[in-house]
Amino acid sequence: GGIGMAEKSIFWTTGTEGDGANPYTEAEVVAWLRRTFGSGVLYGYGNGLVVSGTSSPVRIATGAASVDGFPYESDAAVQIAIPTPAANTRVGRIVVRANWSARTCRITRIAGTEGAGPPSLTQNRGSIWDMPLASVSITTGGVITVTDEREFAHFTTQVVTENLAN
């Protein structure tokens, strides 16, 4: 710690000893994870939450992510139906959405507007945080084009590289 900062550690079983005598909050844990990993897909874990498909439903592969500091994991593929538009091509997004009121992170489709570009992400900490996986364009004929929008989680601080194996 520095001047004016008390030392503290977290993830101890709460009890009467050490830092476990002072239970930590969800906000402290999530802030620590956000500081460490930011927001993004965990590279190389499962099948990387890749979105695929050329017709509805699209498939989101297994994987894990840090969604604004909240750990998310899916050990089975998720399918999301993409409705066919009536008059013009529609672009939507597939995200992992952290929802503070529901207290969940879930794969979610954000519907776009026919004839318009992809819808905006909502990123309001304490309410809704959308971490993008892909944009999904669908024609009036039901043909889907998936564009990967994943970003990968990484240490948010500087990483010393001289001791890394080649």
Side-chain angles (χ1 to χ4, degrees), residues 10-11 24-159 161 164:
I10 59 175
F11 297 130
Y24 45 85
T25 66
E26 170 191 296
E28 289 172 302
V29 172
V30 170
W32 178 263
L33 293 170
R34 185 184 302 125
R35 275 193 303 273
T36 306
F37 302 109
S39 196
V41 173
L42 301 187
Y43 184 81
Y45 185 86
N47 293 303
L49 298 175
V50 170
V51 180
S52 62
T54 55
S55 62
S56 184
V58 294
R59 181 179 187 274
I60 299 87
T62 62
S66 172
V67 186
D68 195 42
F70 286 96
Y72 168 80
E73 182 176 10
S74 177
D75 65 2
V78 174
Q79 292 194 350
I80 299 285
I82 310 295
T84 302
N88 290 292
T89 296
R90 183 183 59 246
V91 181
R93 278 200 157 108
I94 303 295
V95 302
V96 180
R97 173 172 282 178
N99 181 323
W100 274 254
S101 65
R103 302 185 78 70
T104 58
C105 293
R106 295 291 184 269
I107 292 175
T108 302
R109 171 183 166 259
I110 304 172
T113 301
E114 289 189 30
S120 298
L121 299 170
T122 300
Q123 293 184 328
N124 295 321
R125 190 167 289 151
S127 174
I128 297 288
W129 190 276
D130 292 332
M131 188 199 73
L133 296 178
S135 65
V136 178
S137 171
I138 184 166
T139 66
T140 56
V143 176
I144 288 177
T145 303
V146 174
T147 303
D148 190 0
E149 293 186 333
R150 294 173 303 154
E151 293 182 0
F152 294 99
H154 60 278
F155 281 106
T156 58
T157 58
Q158 187 171 0
V159 176
T161 59
L164 294 178

_Any side-chain heavy-atom pair of V136 and I144 under 4.5 Å_ = yes

*asked:* Treating N124 as the side-chain partner and S127 as the backbone partner, does any N or O pair qualify as donor plus acceptor under 3.5 Å?
replied: no

*State which residues pass side chain to side chain contact (heavy atoms under 4.5 Å, CB included) with T140; sequence neighbours excluded, sorted by chain then number.*
P85

*Listed by chain and number, what are the side chain to side chain contact (heavy atoms under 4.5 Å, CB included) partners of Q79, not counting sequence neighbours?*
P57

*Looking at side-chain heavy atoms only, is the closest gap between V50 and R150 below 4.5 Å?*
yes

*Knowing that exactly one of V95, V96, V146 qualifies, which makes a side-chain contact (heavy atoms from CB on, under 4.5 Å) with L133?*
V96

*Please name the residue in the list T104, I110, I107 that meets the side-chain contact (heavy atoms from CB on, under 4.5 Å) test with R97.*
I110

*Output yes when a side-chain donor or acceptor of D130 lies under 3.5 Å from a complementary backbone atom of T122, and no otherwise.*
yes

*Inspect the surroundings of CZ in F11 and state if more than 12 heavy atoms from other residues, nucleotides or ligands are less than 6.0 Å away.*
yes

_Validation row: P132, L121 side chains within 4.5 angstrom (heavy atoms)_ = yes

*Can you tell me which residue pairs pass the ring-ring contact (aromatic ring centres under 6.0 Å, His included) test with a partner in residues 74-111, sequence neighbours excluded?*
F70-W100

_Please determine whether side-chain contact (heavy atoms from CB on, under 4.5 Å) holds for the pair I94 and I82, giving the CA-CA distance in whole Å, both sets of side-chain angles, and the decisive distance to 0.1 Å._
CA-CA 10 Å; I94 303 295; I82 310 295; 4.2 Å; yes

*Could you list the residues that satisfy side chain to side chain contact (heavy atoms under 4.5 Å, CB included) with P83, not counting sequence neighbours?*
R90, R109

*Mind checking the OH-CG spacing from Y72 to L42? Nearest 0.5 Å is all I need.*
11.5 Å

_Please check this pair: side chain of R93 against backbone of P119, looking for a donor-acceptor N/O pair closer than 3.5 Å._
yes

_Any residue meeting side chain to side chain contact (heavy atoms under 4.5 Å, CB included) with T147, in chain and number order, not counting sequence neighbours_ = S135

*Is the count of non-hydrogen atoms from other residues, nucleotides or ligands lying under 6.0 Å from E151 atom CD greater than 12?*
no

*Can you name the nearest heavy-atom pair linking S39 to M131, along with the distance?*
OG-CG, 3.7 Å

Only pairs under 3.5 Å count here: list side-chain donor-acceptor contacts from residues 59-69, not counting sequence neighbours, and write none if there are none.
residue, atom, partner, partner atom, Å
T62, OG1, N47, N, 3.1
T62, OG1, N47, ND2, 3.1
S66, OG, G38, O, 2.8
S66, OG, G69, N, 3.4
D68, OD1, R34, NE, 3.0
D68, OD1, R125, NE, 3.4
D68, OD1, R125, NH2, 2.7
D68, OD2, R34, NE, 3.4
D68, OD2, R34, NH2, 3.4
D68, OD2, R125, NE, 2.8

